[in-house]
Amino acid sequence: MSADARNIEVRPTTLQNLVAEVANGNFRIPRFQRNYVWPPKKVLELFDSIYQEYPIGSFFLWKAGRGHAHLFRQAGSLGVKPVADDNDVTFILDGQQRMTSLYATLNGLTIGNHDYANICFDLVDERFVSRKVESRVRYIPINEVWGGDVIEIGMGLENKEHQKRLSRLYRGLVNYPISLVEVKDKQLIDVCGIFQRINQ
């Protein structure tokens with residue numbers, strides 16, 4: 001069997017590319033996945049794993065193609081464009097809560113009662129916390145590291161060690177390696193079976 005004919009493909013990417021795929025509407029959440037429920041405390045642990053260069057698990061995708069747009073369910077208030085009836089769609093089978101946590105924090109979104117713009121990096125203790133920030137001296141919001149001017153933020157820091165930690169954080173986020181496992185040419189009933197097995 002040739003590589004092009006395989007129904008499963010494992011490919012590497014980065015966190016930056018994964019977030020861009022979600023933002024562009026290329027990766028979607030299917031209706032049969034549960035609602036987003038992760039509290040900030042668990043999100044802090046997720047970002048700490050990334051900073052410490054620990055693995056956070058693969059993301060399983062279903063390349064559904066056209067005709068499956070009706071299965072789309074928006075995850076929280078991510079603000080991505082809706083699916084058109086003639087769109088090719090790829091669904092996130094496993095990794096919805098990790099993806100929503102990452103996306104909401106990196107973009108400073110509010111989901112339910114949680115404002116993920118409050119998730120910050122403590123430059124002194126090198127840990128992630130959830131708190132409101134008035135000055136960017138010790139605590140730096142993650143969404144500002146991701147979408148702001150990191151050089152400008154760094155220039156505002158007088159402590160050289162803090163500048164190094166900010167740089168490490170930014171590079172770690174952007175370049176963090178992600179593994180995608182994509183299945184294709186599968187019917188919905190088969191995909192539901194795969195999803196159940198993953199979650200067992």
Side-chain angles (χ1 to χ4, degrees), residues 9-23 26-29 33-61 75-78 80 90-133 136 138-148 150 153-154 157 161-182 195 197-200:
E9 178 183 2
V10 180
R11 52 189 172 91
T13 189
T14 62
L15 179 58
Q16 185 177 45
N17 290 337
L18 179 61
V19 171
E21 293 281 14
V22 174
N26 296 330
F27 293 168
R28 307 283 187 163
I29 305 296
Q33 290 206 3
R34 61 189 181 275
N35 290 327
Y36 181 74
V37 295
W38 272 19
K41 181 178 183 296
K42 196 164 184 178
V43 180
L44 300 179
E45 294 173 350
L46 177 64
F47 275 90
D48 183 67
S49 292
I50 292 174
Y51 186 70
Q52 301 296 340
E53 299 183 355
Y54 297 160
I56 63 171
S58 299
F59 290 80
F60 287 78
L61 309 175
S77 302
L78 301 188
V80 299
T90 296
F91 290 117
I92 300 175
L93 290 185
D94 184 58
Q96 172 208 345
Q97 298 201 24
R98 281 171 288 152
M99 186 65 255
T100 305
S101 298
L102 293 167
Y103 193 90
T105 302
L106 295 172
N107 289 284
L109 304 179
T110 298
I111 298 180
N113 297 323
H114 300 304
D115 183 356
Y116 290 89
N118 290 333
I119 293 184
C120 308
F121 184 67
D122 180 346
L123 292 168
V124 175
D125 293 335
E126 286 191 90
R127 66 189 184 97
F128 295 88
V129 297
S130 181
R131 55 171 292 155
K132 291 187 179 298
V133 176
R136 275 61 177 168
R138 174 174 178 173
Y139 302 100
I140 310 295
I142 299 304
N143 66 299
E144 294 184 12
V145 176
W146 182 263
V150 176
I153 296 173
L157 301 173
E161 186 61 33
H162 291 178
Q163 291 177 348
K164 292 179 182 179
R165 291 174 181 177
L166 176 67
S167 178
R168 174 190 167 186
L169 172 63
Y170 176 74
R171 293 196 313 271
L173 289 173
V174 171
N175 299 316
Y176 185 80
I178 297 288
S179 177
L180 301 179
V181 181
E182 185 178 78
F195 178 74
R197 291 191 183 193
I198 289 173
N199 283 276
Q200 288 175 356

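Screening Leu18, Thr13, Ile50 for a side-chain contact (heavy atoms from CB on, under 4.5 Å) involving Tyr176 leaves a single residue, Ile50.
Of all non-hydrogen atoms in Asp115 and Gly108, the two that sit nearest each other are OD1-O, 4.3 Å. The minimum heavy-atom distance between Pro40 and Ser130, with the atom names listed, is CB-OG, 4.3 Å. The two residues Gln96 and Ile92 come nearest to each other via the heavy atoms N-CG2, 3.9 Å. Across Val133 and Cys120, no two heavy atoms sit closer than the pair CG2-SG, 3.2 Å. Between Trp38 and Ser101 the shortest heavy-atom distance is CE3-OG, 3.0 Å.
In this structure, CH2 on Trp146 lies 10.5 Å from OH on Tyr103, to the nearest 0.5 angstrom. The line from CZ of Arg98 to NZ of Lys42 is 10.0 Å long, rounded to the nearest 0.5 Å. If you take CZ on Phe27 and OG1 on Thr90, they are separated by 6.0 Å, rounding to the nearest 0.5 Å. Expressed to the nearest 0.5 Å, how far CG of Leu180 lies from CZ of Phe60 amounts to 10.5 Å.
In this structure a side-chain-to-backbone donor-acceptor pair under 3.5 Å is missing from Arg136 to Leu157. Between the Glu182 side chain and the Leu61 main chain, no donor and acceptor come within less than 3.5 Å of each other.
Side-chain atoms of Tyr139 and Asn118, non-hydrogen and from C-beta on, never get closer than 4.5 Å to each other. Contact check for Asn107 versus Asn143: no side-chain heavy atoms found under the 4.5 Å cut-off. Looking at Leu106 and Leu15, their side chains come closer than 4.5 Å, going by heavy atoms from C-beta outward. The side-chain heavy atoms of Val22 and Leu102, taken from C-beta on, include no pair separated by under 4.5 Å. The shortest side-chain heavy-atom distance between Thr14 and Ile178 does not fall under the 4.5 Å cut-off. Side-chain contact between Ser167 and Lys164: absent, with no pair of heavy atoms (C-beta onward) separated by less than 4.5 Å. Residues Leu166 and Val145 have side chains in contact (heavy-atom distance under 4.5 Å, counting atoms from C-beta outward). With contacts defined as side-chain heavy-atom distances shorter than 4.5 Å, the pair Tyr170/Ile153 does not qualify.
For Glu126, the salt bridge (Lys or Arg N to Asp or Glu O under 4.0 Å) test picks out Arg165, Arg168, with sequence neighbours left out. Remark: Arg138 pairs with Asp122, Asp125 by the side-chain hydrogen bond (donor to acceptor under 3.5 Å, both in side chains) rule, at least two apart or across chains. Applying the salt bridge (Lys or Arg N to Asp or Glu O under 4.0 Å) test to Arg131 and every residue at least two apart in sequence or in another chain returns nothing.
For Glu53, the CD atom sits in a loose shell: 12 or fewer heavy atoms of surrounding residues, nucleotides or ligands are nearer than 6.0 Å.
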Leu173/Ile142 under side chain to side chain contact (heavy atoms under 4.5 Å, CB included): CA gap, chis, key distance, verdict: CA-CA 10 Å; Leu173 289 173; Ile142 299 304; 4.2 Å; yes
Chi angles and distances behind the side chain to side chain contact (heavy atoms under 4.5 Å, CB included) call for Leu44, Ile119: CA-CA 7 Å; Leu44 300 179; Ile119 293 184; 3.7 Å; yes
Residues Leu46, Thr105; criterion side chain to side chain contact (heavy atoms under 4.5 Å, CB included); working and verdict: CA-CA 11 Å; Leu46 177 64; Thr105 302; over 6 Å; no
Worked check of side chain to side chain contact (heavy atoms under 4.5 Å, CB included) between Val124 and His162: CA-CA 7 Å; Val124 175; His162 291 178; 3.8 Å; yes
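Aromatic ring pairs are classed by plane angle as parallel below 30°, tilted from 30° to 60° and perpendicular above 60°; the pair Tyr51 and Phe128 is perpendicular.
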